[in-house]
Chemist: 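Before I ask anything, here is the structure I am working with.
We're numbering straight along the sequence, starting at 1.
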Amino acid sequence: MKPIIKILSLCLVTCLTVLTGCKKDWLNEQPLGQISDVAFWKTSDDAMQGLTAAYKFGIGVSVDNYNVIRGLLGATDDSRFKTNADFTMGLFEYPSESIIIGPTWKNGYRAVFMCNVFLENVTKVQMDEALKAQMIAEVRFIRANQYFWLLQYYGGVPLVTKQLSIDEANTVTRNTRKEIVDFCLTELAASAKDLPASRNASEKGRIIKGAPLAELGRLLMIEKRWSEAASAFKQIIDLNVHIIDPSYQKISREEGENSKEIIFSRNYIAGLDGNNTNQKNLHPAFYGGYQENNAFQNLIDDFLMKDGLTISQSPLYNSDKPFENRDPRLYYNMFLPEYTMFRGTLYLGNPALTSFGIKSLIGATGYGCKKYITENYSGDIGSSGDDVVYIRYAEVLLSYLESKLEAGDPITQDLLDETINKVRGRAEVQMPPVTETDQVKLREIVRRERRVELCWEPLIRWMDIHRWGIASEVINKKFYGMKLTDDPANYTAYPVNSSGHLFSVDKTGYYKTPANDLWPIPQSEIDSNPNLEQNPG
């Protein structure tokens with residue numbers, strides 16, 4: 001049951017009809033700047049419909065939609081796309097009007113427009129003032145979230161906080177990065193004050209206090225304001241409403257969408273407003289899916305052995321049986337070739353054994369995403385009810401520890417036990433606790449833990465490697481997939497390295513910092529408004 005989303009979906013049609021005078025192509029036009037208030041913005045129902053539009057375009061169609069999510073999985077050192085589309089995102093050659101670059105800008109400002117409409121008009125509504133304040137806080141978060149991601153993608157962008165006429169929209173200039181950062185920090189902090197720490201079932205899907213606080217912490221980490229970031233995350237911890245769920249795999253699927261670990265998610269309803277990615281786009285071709293993202297060997301190798309040591313350190317590691325005795329999260333996150341049993345069938349990756357994957361998909365590596373795939377799923381694979389989780393409590397605890405570490409605060413065993421060891425100690429994982437307190441060594445442990453725990457999760461690895469300043473280092477490499485042969489010198493079926501692993505893609509030299517840290521401003525936007533300056537490179 002997703003009551004609030006059902007309500008929002010039903011009232012959305014009414015909302016958009018009222019707001020647009022039944023004009024079907026309104027989204028393709030510049031906002032007119034004025035919306036009639038003669039028959040609207042009077043009642044609490046009107047406010048709810050305006051809120052609906054902000055949710056729909058600010059979370060349902062926004063700067064972190066699934067085209068972006070899938071694309072940025074391929075723009076890291078974790079995975080690549082299934083086709084040569086990898087060369088537009090994974091290799092950083094960005095066409096300024098690509099299916100990601102252009103729509104992300106337009107969707108972001110479309111969402112900002114809907115938020116501005118709401119915030120400018122909701123004050124006219126006669127309703128309970130506390131409820132109105134809460135609605136305003138929700139929309140302020142949605143708008144700040146848009147600017148948070150626009151900032152990550154494009155840098156300083158036009159800061160628009162009111163409805164604009166066509167002439168105004170076509171003459172705006174870019175604000176500085178600092179101005180966008182300051183705006184987001186202010187809005188997120190203000191939003192958190194008027195939001196509840198939790199909601200009952202009838203309000204599921206609406207923003208709660210932890211969401212703006214977590215985003216506040218994320219931005220402060222990016223800005224290296226470590227003590228302030230730690231304070232933001234500590235506020236979430238002190239709410240005492242979120243937990244580390246005993247189950248690691250359920251929280252990524254529909255069955256776990258009510259978990260108290262989830263802080264911010266986008267709700268979907270199967271068959272009505274469904275998720276077309278989890279059970280289709282990420283689903284391995286071997287089991288009937290599209291297999292759009294494929295993990296690299298270096299990601300597989302970063303999962304520790306169950307004794308807490310790396311594969312190069314642990315006596316448990318056997319190169320002939322590389323998937324045995326590993327961190328349980330490897331099994332929850334990955335389809336492992338010739339090892340994973342799923343739906344009663346052994347998953348095959350080696351092209352000598354199956355025509356799926358490497359034989360038929362340019363970007364296949366032999367590994368598949370398992371995190372979001374439901375074994376007993378029987379519905380429409382293009383319209384599942386799987387929510388998309390953007391922020392969960394595990395990230396908060398790891399971020400709190402990282403912020404304390406980078407702030408130079410004392411690292412005690414109690415701090416480790418309340419953060420990273422809670423994450424590693426969940427019932428379905430039970431990895432050995434961390435005891436390391438040396439800053440340099442602990443930094444490596446925390447970064448690895450984030451990569452493993454938050455594997456495949458929307459935008460996190462991309463955000464992490466950029467804020468750490470290591471994107472160029474980790475991406476300018478040749479990447480490989482599964483091991484295909486024990487005799488690489490005489491193997492000719494597919495290109496392999498000296499250890500027999502499939503060559504996947506060479507990204508060496510394609511990431512040219514700082515030019516590749518930002519996307520280009522869409523050329524159509526610059527054509528319409530010459531005041532917008534293009535990003536360098």
Side-chain angles (χ1 to χ4, degrees), residues 69 72-73 76-79 221 244-253 256 261 282 293-314 316-317 322-336 339-340 365 367-373 389-402 405 416-417 419-436 441-468 470-471 474-475 479 481-482:
I69 291 170
L72 291 191
L73 283 173
T76 71
D77 55 340
D78 277 357
S79 69
M221 290 175 79
I244 294 299
D245 197 294
S247 175
Y248 181 76
Q249 58 181 337
K250 287 183 181 179
I251 51 178
S252 301
R253 301 169 185 171
E261 183 166 340
L282 294 177
N293 290 92
N294 300 266
F296 291 133
Q297 184 65 46
N298 79 92
L299 173 57
I300 305 299
D301 291 345
D302 248 5
F303 284 82
L304 300 172
M305 303 301 292
K306 68 179 183 180
D307 59 6
L309 300 176
T310 66
I311 60 174
S312 63
Q313 298 170 328
S314 175
L316 298 177
Y317 183 70
F323 307 133
E324 293 190 356
N325 299 312
R326 303 293 289 272
D327 181 333
R329 289 171 293 190
L330 176 63
Y331 311 129
Y332 296 135
N333 277 296
M334 302 294 173
F335 281 99
L336 303 169
Y339 188 87
T340 301
T365 61
Y367 298 108
C369 173
K370 188 170 183 280
K371 188 167 198 166
Y372 303 108
I373 315 304
V389 178
Y390 292 121
I391 303 173
R392 56 188 178 91
Y393 193 51
E395 181 192 348
V396 168
L397 294 184
L398 294 176
S399 296
Y400 178 61
L401 174 58
E402 181 182 348
L405 174 70
L416 294 174
D417 290 342
T419 54
I420 191 170
N421 289 336
K422 273 192 176 180
V423 176
R424 292 163 67 99
R426 76 169 82 231
E428 276 190 356
V429 175
Q430 296 188 8
M431 285 291 288
V434 173
T435 58
E436 182 62 66
K441 293 178 180 178
L442 183 58
R443 179 183 293 119
E444 180 181 350
I445 291 170
V446 170
R447 291 185 177 187
R448 182 193 296 266
E449 188 69 19
R450 287 182 68 92
R451 190 182 195 191
V452 168
E453 170 69 23
L454 307 173
C455 177
W456 298 114
E457 298 192 16
L459 310 172
I460 292 179
R461 180 63 177 175
W462 183 87
M463 177 175 60
D464 280 353
I465 62 175
H466 281 81
R467 70 181 180 82
W468 291 331
I470 64 170
V474 301
I475 289 172
F479 291 91
M482 69 172 290

Chemist: By side chain to side chain contact (heavy atoms under 4.5 Å, CB included), which residues pair with Asp307, not counting sequence neighbours?
Modeler: Met305, Leu309, Ser314, Pro315, Leu316

Chemist: Checking Asp78 now: which residues fulfil salt bridge (Lys or Arg N to Asp or Glu O under 4.0 Å) with it, not counting sequence neighbours?
Modeler: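 Listed in chain order: Arg451, Arg461.
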
Chemist: Could you work out, with ring pair (Phe, Tyr, Trp, His ring centres under 6.0 Å) as the rule, every residue matching Phe303, not counting sequence neighbours?
Modeler: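 Phe303 satisfies ring pair (Phe, Tyr, Trp, His ring centres under 6.0 Å) with no other residue.
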
Chemist: So, using side chain to side chain donor-acceptor pair (under 3.5 Å) as the criterion, who are the partners of Gln297 when residues are at least two apart?
Modeler: Asp301, Tyr367, His501

Chemist: Determine the interplanar angle of the Phe323 and Tyr339 rings, folded into 0 to 90°, and report it as parallel if under 30°, tilted if 30 to 60°, perpendicular if over 60°.
Modeler: perpendicular

Chemist: Within the structure provided, determine whether Trp456 and Ser79 are in side-chain contact (heavy-atom separation under 4.5 Å).
Modeler: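 They are in side-chain contact.
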
Chemist: Lys306: what forms a salt bridge (Lys or Arg N to Asp or Glu O under 4.0 Å) with it, not counting sequence neighbours?
Modeler: none

Chemist: Can you list the residues that meet the side chain to side chain contact (heavy atoms under 4.5 Å, CB included) rule with Pro458, with sequence neighbours excluded?
Modeler: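 Expected list: Ile69, Tyr372, Val388, Tyr390.
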
Chemist: Please identify each residue that fulfils side chain to side chain contact (heavy atoms under 4.5 Å, CB included) with Arg426, with sequence neighbours left out.
Modeler: Ile244, Asp245, Tyr248, Ile251, Glu261, Arg392, Ala394, Val429, Glu453

Chemist: Does the side chain of Thr419 come within less than 4.5 Å of Leu398's, by heavy atoms?
Modeler: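 Of all side-chain heavy-atom pairs linking Thr419 with Leu398, none is under 4.5 Å.
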
Chemist: Test of understanding: with side chain to side chain donor-acceptor pair (under 3.5 Å), list the residues that count as partners of Glu444, not counting sequence neighbours.
Modeler: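 Here no residue qualifies.
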
Chemist: Taking only residues two or more places apart in sequence or in another chain, which ones pass salt bridge (Lys or Arg N to Asp or Glu O under 4.0 Å) with Lys371?
Modeler: Glu457

Chemist: Arg467: which residues meet the side chain to side chain donor-acceptor pair (under 3.5 Å) condition with it, sequence neighbours left out?
Modeler: Glu402, Asp464

Chemist: Only counting residues at least two apart or in another chain, list the ones meeting ring pair (Phe, Tyr, Trp, His ring centres under 6.0 Å) with Tyr400.
Modeler: none

Chemist: Which residues pass the side chain to side chain contact (heavy atoms under 4.5 Å, CB included) test with Pro433, not counting sequence neighbours?
Modeler: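 If we apply the side chain to side chain contact (heavy atoms under 4.5 Å, CB included) test to Pro433, skipping adjacent residues, the hits are Asn421.
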
